[in-house]
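What follows is a single structure, written as structure tokens, with notes after it.
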Amino acid sequence: MADNHTRSVTYRTTRTDGGATVVTLHGELDLLAVPVLSAALDCLTSGAEPDLVLDLSPVSFIDCSGLSLLCRARNRVRYRVGRLRLVTPDDGFPRLLRCTGLGDTFELYPGLPEALAGEDARGAVA
């Protein structure tokens, strides 16, 4: 487990028994956070078949650079035939995705247990 800090976001990385890497983000996913998070996510998605869960539950704000970061992580995971799941318990983030034309882009789950349950569970919950 590792705690990391940027100017606007704190994140913790853990590994589950099933092999997924969970990154829990706290704070704001904005222009100030992207350089450090981008490097961390690039590292986590560099291997074959990465299995990444981003817990956005404690995130209070996401701007366009944060959305771009999430899209980059998704593209890297897909290129390496992996899986990216996002945890977002409220309607705000799914609504943002729909408004930006990204509504069907990510696997969304209302909680971490749901995101980690069942390796075959594909499809968004929004």
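Numbering of residues begins at 1 and proceeds along the displayed sequence.
In this structure, Asp55 contributes its side chain and Leu112 its backbone to no donor-acceptor pair below 3.5 Å. Although no hydrogens or angles enter the test, the distance criterion places no donor-acceptor pair under 3.5 Å between the side chain of Thr24 and the main chain of Tyr11. In this structure, the side chain of Arg72 does not engage the main chain of Ser38 through any donor-acceptor pair within 3.5 Å. Side-chain atoms of Arg15 come within 3.5 Å of backbone atoms of Gly19 as a donor-acceptor pair (strictly under, hydrogens ignored).
A continuous path of Ile, Leu, Val, Met, Phe, Trp and Tyr side chains, each step under 4.5 Å between heavy atoms, connects Leu70 with Val36, placing both in one hydrophobic cluster. At a threshold of 4.5 Å between side-chain heavy atoms, the hydrophobic network of Ile, Leu, Val, Met, Phe, Trp and Tyr places Leu102 and Leu54 in one connected group.
Using a 4.5 Å heavy-atom threshold, the side chains of Arg85 and Asp51 count as touching. Side-chain contact between Pro94 and Thr88: present, with at least one pair of heavy atoms (C-beta onward) separated by less than 4.5 Å.
Counting all heavy atoms, side chain and backbone alike, Ser65 lies closest to Val34 at O-CG2, 3.5 Å. Across all non-hydrogen atoms, the minimal contact from Arg76 to Thr45 is NE-OG1, 2.7 Å. The minimum heavy-atom distance between Cys43 and Ser46, with the atom names listed, is O-OG, 2.8 Å.
Between Leu29 atom CG and Leu67 atom CG the span is 8.0 Å, to the nearest 0.5 Å.
Within a 6.0 Å radius of CZ in Arg78, other residues, nucleotides and ligands contribute 12 heavy atoms or fewer.
Each of Leu52, Leu84, Leu69 was scored for a side chain to side chain contact (heavy atoms under 4.5 Å, CB included) with Arg74, with one residue passing: Leu84.
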